[in-house]
Amino acid sequence: MEKSLPLHLCHVHNFSIIINRSHALLHSIAVALLIYYRASFLFQESKNRTVPTLPWLLVFASELLLSLAWLLRQAYGWRPVSRTVFPERLPSDDKLPAIDVFICTADPNKEPTVEVMNTVISAMALDYPPEKLHVFLSDDGGSDITLRGTKEAWNFARSWVPFCRRYDIKTSCPEAYFSCSEDDDHGDFKSSEFKAERQKIEQKYEMFKERVRRVREEHSKSAEVAATVSNSRDHPSVIEVIRDNSNEELQEDQVKMPLLVYVSREKRPSHRHNFKAGALNVLLRVSGMMSNSPYILVLDCDMYCNDPTSARQSMCYHFDPEISPSLAFVQFPQKFRNISKDDIYDSEIRAGFRILWHGMDGLEGPVLSGTNFYIKREALLGSVTQEGIDLMELKRSFGPSNEFIKTLRQDYKPSFINDGESSSMLLEEAKVLASCSYENQTTWGTKVGFMYFCVVEDYFTSFTLHCKGWKSVYLNPPRPQFLGTSTTNISDLLIQGTRWASGLTEVAISRFCPLIYGPLRMSLLHSLCYAELAFWPLLFSLPLWGFALIPQLCLLNGIPLYPEVSDPYFSIFLFIFISALSKNLYEILATGGQIRTWTNERRIWMIKSVTSDFYGCVDAILSKLGMSEASFLPTSKVTDDEQVKRYEMGVFDFQAPTMLLAPLATIILVNIASLVGGVVRMVAMDNGDWKKMVGQISLSFYILIANYAIIEGMIIRKDKASIPSYVTLLSVVFSMIILLVGSIVLC
């Protein structure tokens, strides 16, 4: 490695910085004037007030919450950066550190086995020395389907991995490779040798898929299927090193293969299993016994490796002596192969991975995003270097296993071998480490490993690491390093959003609140970024419910909440509204989006705020009061052809639980009634009050136009994906109650 040539470069977005800070200055002045206007009303004498105090206070509170959300978000724009790496400048393979790959799956019914195995196979085909690559598959469902599928994946990988290396195949996921054109990859695709080899491998892949399907069919016909649900929550630990048990073919292709290990931790109904974080901590312990690699790649089961060079790209940072000592992880973005042109549900999570994470990277680094990150084992577990360390103290932290505690030493070399008595003994010890009682009376999940505090284990783990002084890096190269599948229906989107909102709110209202706990342990701007994420559900759900109902009820009853058009303060409200929308539009266009992207994101933001974010907040508060228990349901990766077709056509699919649809329909009905009623009232009275009501009329009109898809689903469409009639009728009842009670209380 030549010292004169850097392994990576950091590019500061100077133009964006100028835009962001200039906009922040102007917008903050306007917000200050708005606050002055609202607050001055409260200091007027009661007899001089022309508007009831309660609706004024509610709207003022909503404006303050949105202003706080805006203020926190400015931290992302303070110093956005992007990065470039030069993996060709890394040292030779013999000097590269070993890597463990953790892949988590939980339910073969929601996460198709063939798709999971494609992720496993793509990880085994990473462009990295095979003797330094170890793949661990965590099966939280304890399913025989997944175990047998893993064995089939190993058999196919014995042909696939040499093929990828021989022909420099970039798309190392077989399903993706065989479904795309050859021009999308590298290699000598014109030679007759390659064509013959490719055809042979494709036939083997079809045979592999057929064998996996047969395993599922056999399982579905067996008596075991009735016990599948209970077995997923009640089963012993199973750890199996997947080996080659056949002597067929491939003598000429004998190459080193990465280690592949199937891990299913013990689960009992009487023990907490701590969801994905618990599974990852089991993999930390088991892999420590078998490979103990200093770096770990974490992948979701549907997030396959789309570029085999990701490991080398991440090593460009972990190998840099200037930043490596304090670098905890390198985060790659989540990108998805099933995103439509319109992306009506914002399934791409565009704002996070194209804007916010770049902003955090310019501070102390992005948060863990659940998948696609290379993390240093030492950052999660620490290391033992000093002599005479208190063994009992280590056992109180890491559990009773002496063998595992040995792995914490920096000079520890795992003694695991593929066969023999030593291997058997270590496997038995590993099963103990995977037992559900091993973590009792330890600090797993509280001080070491992945954190258990809430269901968003990735967010809280990275928050803890940054509080300890660790840094992180966000790398977003032109070619997606990983590709997965995202939600393409509103039901899964909102259910997933509710889970995230619940976990984030749980952190916001705890002693680990980033606004209190963070500034003493990290930079203020970085704390504000974490706070914006944690308070996101609260700061958007509550004010959007306020703006969706309060001004409309007052419009219906002739109560003005905004200045009349001729009042100078009206221009302040107008400026804030246009300023916020324009800045958001600029960010979208600057990151490759279109105006259509902007309208879709505005709509789905409003929908999520009044449904999933709101329910998540309620769930977190109930959990804090001991009235609810955290739950985790994996998002279904099974595709529905009709739903996918509607998504690609840009048509909303409203096949979702009533509790998610009713709030949307109710808000729309209230806005329609208030807009029509308010306009009729002004026309009938003809007393010039329309000048005072322009703000409220415009707000209702904007809400209805932006959410026309909901109106269409309620009134115009009659297909099975429209909003059901009973939901509309129920919402009519709710809206009438709101209009009646609101008119009495607010007026």
Side-chain angles (χ1 to χ4, degrees), residues 23-74 515 528 531-532 535-536 538-584 605-606 609-610 614 667 670-671 674-675 678 682 688-703 738 742-747:
H23 174 265
L25 176 62
L26 295 175
H27 197 86
S28 60
I29 294 173
V31 169
L33 291 172
L34 180 150
I35 293 174
Y36 173 79
Y37 172 79
R38 290 294 187 194
S40 62
F41 170 86
L42 301 176
F43 291 98
Q44 294 178 4
E45 295 183 11
S46 301
K47 61 181 180 180
N48 295 329
R49 295 177 186 171
T50 58
V51 178
T53 304
L54 180 58
W56 191 277
L57 282 174
L58 291 175
V59 170
F60 187 22
S62 298
E63 290 165 348
L64 287 176
L65 289 175
L66 279 186
S67 298
L68 177 58
W70 172 83
L71 178 63
L72 295 176
R73 197 179 182 89
Q74 299 316 297
L515 288 177
L528 294 181
E532 196 271 346
F535 282 96
W536 173 291
L538 280 168
L539 293 180
F540 287 122
S541 62
L542 297 180
L544 260 68
W545 267 106
F547 284 124
L549 298 179
I550 306 303
Q552 290 74 7
L553 293 173
C554 291
L555 171 62
L556 185 63
N557 291 277
I559 301 173
L561 293 178
Y562 297 96
E564 62 179 59
V565 179
S566 59
D567 192 323
Y569 277 103
F570 181 83
S571 60
I572 297 298
F573 283 87
L574 183 61
F575 174 82
I576 291 174
F577 181 75
I578 295 176
S579 168
L581 293 183
S582 300
K583 180 60 162 55
N584 183 237
W605 168 68
M606 288 186 270
S609 295
V610 298
F614 178 74
I667 287 173
V670 168
N671 275 265
S674 298
L675 181 61
M682 287 187 296
D689 282 351
W690 67 270
K691 294 181 180 179
K692 299 179 180 179
M693 296 297 180
V694 168
Q696 284 151 265
I697 292 173
S698 301
L699 179 60
S700 284
F701 186 72
Y702 172 74
I703 290 173
I738 290 173
S743 297
I744 296 173
V745 173
L746 296 178
C747 301

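Closest non-hydrogen pair, Gly742 versus Leu553, comes out as CA-CD1, 3.8 Å. For Ile572 against Ala30, the heavy-atom pair with the smallest separation is CG2-O, 3.4 Å. Taking both residues in full, the closest heavy atoms of Gly678 and Leu556 are given as N-CD1, 4.1 Å, listed atom of the first, atom of the second, then distance. Closest approach of Phe570 to Gly695, counting heavy atoms only: CE1-N, 4.2 Å. A pairwise comparison of heavy atoms in Trp70 and Ala24 identifies CH2-O, 3.5 Å as the closest pair.
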field: Check against side-chain contact (heavy atoms from CB on, under 4.5 Å), Ser674 and Val670
entry: CA-CA 6 Å; Ser674 298; Val670 168; 4.0 Å; yes
Tyr36/Tyr569 under side-chain contact (heavy atoms from CB on, under 4.5 Å): CA gap, chis, key distance, verdict: CA-CA 10 Å; Tyr36 173 79; Tyr569 277 103; 3.2 Å; yes
message: Using the rule given for side-chain contact (heavy atoms from CB on, under 4.5 Å), can you reason through Phe577 versus Leu699, listing the C-alpha separation, both sets of side-chain angles and the distance that settles it, and then say yes or no?
response: CA-CA 10 Å; Phe577 181 75; Leu699 179 60; 5.7 Å; no
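Under the 3.5 Å distance criterion, the side-chain polar atoms of Gln552 are matched with a main-chain donor or acceptor of Leu549. Judged purely by atom type and a 3.5 angstrom limit, Ser582 has no side-chain atom pairing as donor or acceptor with the backbone of Ser579. The main-chain N or O of Leu25 is found under 3.5 Å from a side-chain atom of Ser28 such that the two form a donor-acceptor pair. At distances below 3.5 Å, not a single donor-acceptor pair connects side-chain atoms of Trp56 with backbone N or O atoms of Leu561. A side-chain donor-acceptor contact under 3.5 Å links Asn671 to the backbone of Ile667. Using modelled atom types, one side-chain atom of Gln696 and one backbone atom of Ile559 make a donor-acceptor pair closer than 3.5 Å.
Two residues are said to be in side-chain contact when any heavy atoms from C-beta on lie closer than 4.5 Å; Phe60 and Phe41 fail this criterion. Side-chain contact check for Leu71 versus Val31: every heavy-atom pair is 4.5 Å or farther apart. For the pair Leu72 and Leu539, the minimum side-chain heavy-atom distance is below 4.5 Å. Under the 4.5 Å side-chain criterion, counting only non-hydrogen atoms from C-beta, Met693 is in contact with Pro560. A heavy-atom distance below 4.5 Å is not found between the side chains of Ser609 and Phe614.
Once rounded to the nearest 0.5 Å, the distance linking CD of Glu63 with CG of Leu34 reads 4.5 Å. For the atom pair Ile738 CD1 and Ser743 OG, the distance stands at 11.0 Å (nearest 0.5 Å). Atom CH2 of residue Trp605 and atom CG of residue Asn584 lie 9.0 Å apart, to the nearest 0.5 angstrom. To the nearest 0.5 Å, atom OG of residue Ser62 and atom CD1 of residue Ile550 are 7.0 Å apart. Considering CG of Leu58 and CZ of Phe547, their distance stands at 11.0 Å, rounded to 0.5 Å. One distance of note links NZ of Lys583 with CD of Gln74; it measures 6.5 Å at 0.5 Å rounding.
Between Glu564 and Lys692 there is no salt bridge, since no side-chain nitrogen of the basic residue lies less than 4.0 Å from a carboxylate oxygen of the acidic one.
Ring planes of Phe575 and His27: tilted class, angle from 30 to 60°.
Cation-pi geometry between Arg38 and Tyr562 is satisfied (NZ or CZ under 6.0 Å from the ring centre, within 45° of the ring normal).
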